[in-house]
Every structure is written in structure tokens, then in C-alpha cells.
Number of protein chains: 2
Amino acid sequence: MNDTLDALDQLILKELTRDARLGWSELAARAGVSAPTVRDRVRRLEDTGLIQGFVAELSPRALGYGLEAIVRFKPFPGKVHILADRIIATDRIVQCDKVTGEDAFVARMLLRDIAELDGLLEPFTAHASTQTAIVKSSPVPMRPPPLIE
Amino acid sequence: MNDTLDALDQLILKELTRDARLGWSELAARAGVSAPTVRDRVRRLEDTGLIQGFVAELSPRALGYGLEAIVRFKPFPGKVHILADRIIATDRIVQCDKVTGEDAFVARMLLRDIAELDGLLEPFTAHASTQTAIVKSSPVPMRPPPLIE
DNA sequence: GTTGAAAGACTTTAATT
DNA sequence: AATTAAAGTCTTTCAAC
């Protein structure tokens with residue numbers, strides 16, 4: 001699965017999870033090795049799938065989404081599949097997991113304001129009951145997994 | 001809050017949310033403008049806070065985390081603050097939101113295997129009751145917000 | 001697996017439209 | 001606000017250790 005991360009790999013991952021646009025030479029300087037070396041390491045980390053990709057993170061608030069909600073969906077009998085399809089097709093849902101238990105899906109939904117909530121959930125009323133919680137703050141904004149071997 | 005995104009901004013954001021390491025010249029070619037122009041746009045998008053940062057995404061599975069759990073915490077009276085502190089200090093919790101309702105915190109936790117669950121929740125038993133759901137799949141892995149103005 | 005050096009490609013600045 | 005051109009810098013390849 002993963003051939004143990006040495007100190008260099010760990011340093012590279014730490015830097016790239018902070019700033020994915022760091023150049024090879026800057027990364028090399030911080031790591032105390034040559035540019036071709038870090039480039040090689042990163043390519044290997046990508047090839048093994050440990051680095052899944054490099055992405056820009058956008059601010060929902062700056063985009064006009066004033067609210068986030070956590071919505072739990074409890075599917076009606078026989079509706080699990082169509083519910084999943086609807087969730088995937090709803091682009092205001094920016095994250096969703098299928099989980100054990102009665103509330104089969106847990107989703108994160110973006111709202112311009114609270115007035116939008118009813119309308120956004122309406123398409124799901126035929127397929128599931130929902131429970132909604134409004135996000136008041138995010139004590140742990142998405143952060144990288146601890147690096148273990 | 002945000003001075004409307006024109007077609008160029010939108011294209012740039014779309015590309016950078018797919019590959020944050022794209023070079024200016026490649027981005028410029030895809031957008032049909034010059035390199036200094038895209039560089040300028042991206043700088044402005046960063047300055048306005050719309051682009052929060054560029055990060056490498058790591059694979060929890062490739063790091064040896066075979067399971068993910070969604071844990072809901074219902075704090076005991078007077079324990080909200082210490083609970084929040086413990087959550088923040090737990091690096092296996094890679095995301096946590098404080099939400100409305102009885103289950104004041106909703107967290108995403110990484111587990112090497114199911115045997116770890118009890119031990120990881122044990123430190124919280126003095127401060128909250130918990131409800132745990134195991135992630136079976138992720139129909140919507142974290143994706144960018146829809147771009148609106 | 002890592003390095004150093006050279007060629008080539010990219011980025012950045014500044015002047016211009 | 002975007003472009004061009006030039007200077008500087010970074011990246012990449014490859015031979016060597």
C-alpha cells in the first residue's frame with residue numbers, strides 16, 4: 001500500500017499541503033536536496049496515489065454562500081439509489097458520505113441564505129426524510145491526515 | 001464581497017480547482033490570453049480571498065487509514081469549550097463543524113481499523129456522548145462550490 | 001536514489017496599446 | 001485591463017556517482 005514515508009517525503013508532503021504551488025527549486029531548498037530529487041519524490045508520491053491531486057481551495061463565503069448546512073438523509077424504502085443520484089446531481093452539495101445507520105447519507109450543502117433551505121431540500125422530499133443542522137463555525141476546517149507509515 | 005466573476009475568472013478557477021500546479025503559460029493557453037494576464041487575475045482572486053489557497057490532497061487510504069467515521073458529539077453541560085479544544089487537538093479528526101441542535105459537533109475521523117474506534121473516542125467520554133457512523137462510500141467527495149457572482 | 005550542469009522552457013517586469 | 005518583448009529564473013534531462 002505504501003512503502004513508508006521517510007523524512008524527505010514527510011517534509012515534501014507537509015510543504016505541499018500548505019502550498020501546492022511551491023516550485024521545485026524552492027521545495028528543494030527547504031528540504032536541503034536538489035530540485036530533481038524533490039521532483040522525483042513528488043512524482044512517485046503521485047504515482048502511488050498518496051498524493052491524489054493539487055487543488056485550489058475556494059471560499060464559499062467569498063462566492064456568496066453565507067451559510068453551510070449539514071443535512072442527514074434517511075431514505076424511504078426502495079429510494080436509496082435515486083436519492084444518491086439526486087444528491088450527486090445537486091451541485092450545492094459539496095460533500096456527501098454514505099454511512100451506516102438509519103441516516104444513510106450525510107451531506108454538506110451551501111446556501112446563499114436561510115431562505116434557500118426549503119427550496120433546496122424540496123426535490124428530496126419524495127425520496128427521504130431529512131434532518132438539517134446549520135454550521136455555526138468550523139473548529140477544524142478540512143486538514144490533512146496525520147502522516148503515518 | 002465579490003466583484004462578479006467574468007468568463008476568464010471562471011475558467012481560471014475551474015482549471016485551478018482541477019490542477020493547482022498548472023503553470024501560467026499553460027493556463028494562459030487554455031484561456032486564450034497572455035501569461036501576465038492570468039497571473040494578474042489569479043493574484044487578484046487570491047487577494048480578494050476567493051482563492052483561499054492551493055493544497056495537495058492526500059489519500060487517507062494510501063496513508064493506512066482504512067476507515068472513516070462521522071462522529072456526532074453531544075456535549076455534557078458546561079463541557080462545550082473543553083470538548084472543542086479536545087476535538088481540535090485530535091489530529092485524527094480532519095474536519096469538524098459546530099452546528100445547531102443537540103449534537104453540537106459533527107466530525108470526520110480517520111481510523112486505521114475498526115479496533116481503533118473505542119480508544120479514539122475514550123478521551124471524549126468525560127465531556128460528551130457520541131454517535132458514530134462508519135463511512136461506507138463517498139458519493140460526493142469534496143468538490144468546489146458552484147461559481148456564482 | 002541522488003547530484004550537477006547545460007539546454008530549454010517558463011515567469012516576470014516594464015513599456016505600450 | 002491586456003499585450004509584447006526581454007531579462008531573469010526555474011525546470012528538466014542526462015551523464016555520473
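The structure displayed is predicted, hence computed values, not measured ones. Keep in mind that the numbers below use all heavy atoms, side chains included, and drop hydrogens, waters and symmetry copies.
- Regarding A:Arg41, its CZ atom lies at a distance of 9 Å from the C1' atom of C:dT2, rounded to whole Å.
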- Kindly determine whether A:Leu83 and A:Phe124 satisfy side-chain contact (heavy atoms from CB on, under 4.5 Å), including the steps that lead there. CA-CA 7 Å; A:Leu83 174 61; A:Phe124 297 100; 3.7 Å; yes
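- Taking 4.0 angstrom as the limit, A:Arg44 places a side-chain polar atom (N or O) nearer than this to OP1 or OP2 of C:dG1.
- Atom CG of A:Leu22 is separated from atom P of C:dT11 by 15 Å (rounded to the nearest Å).
- Remark: aromatic rings of A:Phe54 and B:Phe54 are distant, center separation not under 6.0 Å.
- Using a 4.5 Å heavy-atom cutoff, the side chains of B:Val135 and A:Thr100 are not in contact.
- Interatomic distance, A:Ile82 CD1 to A:Ile87 CD1, rounded to the nearest 0.5 Å: 11.5 Å.
- Around atom NZ of B:Lys74, no more than 12 heavy atoms belonging to other residues, nucleotides or ligands sit under 6.0 Å away.
- Along DNA chain D, the stretch of nucleotides lying under 4.0 Å from any heavy atom of chain B spans, 5' to 3', D:dA1 to D:dT4.
- Comparing the start and finish of the helix from C:dG1-D:dC17 to C:dT17-D:dA1, five pairs each, the helix axis swings through 40°, to the nearest 10 degrees.
- No cation-pi contact links B:Arg30 to B:Trp24, judged by a cut-off of 6.0 Å to the six-membered ring centre and 45° from its axis.
- In terms of heavy-atom proximity, B:Val94 sits nearest to A:Pro144 at CG1-O, 4.1 Å.
- Between B:Arg108 and A:Asp97 there is a salt bridge, with a side-chain nitrogen of the basic residue lying less than 4.0 Å from a carboxylate oxygen of the acidic one.
- The pair B:Asp6-B:Arg41 counts as a salt bridge, with a side-chain nitrogen and a carboxylate oxygen less than 4.0 angstrom apart.
- Scanning residues 24-38 of chain A for heavy-atom distances under 4.0 Å to DNA chain D yields A:Trp24, A:Ser25, A:Ala35, A:Pro36.
- A salt bridge links A:Glu116 to A:Arg92: at least one charged side-chain nitrogen sits closer than 4.0 Å to a carboxylate oxygen.
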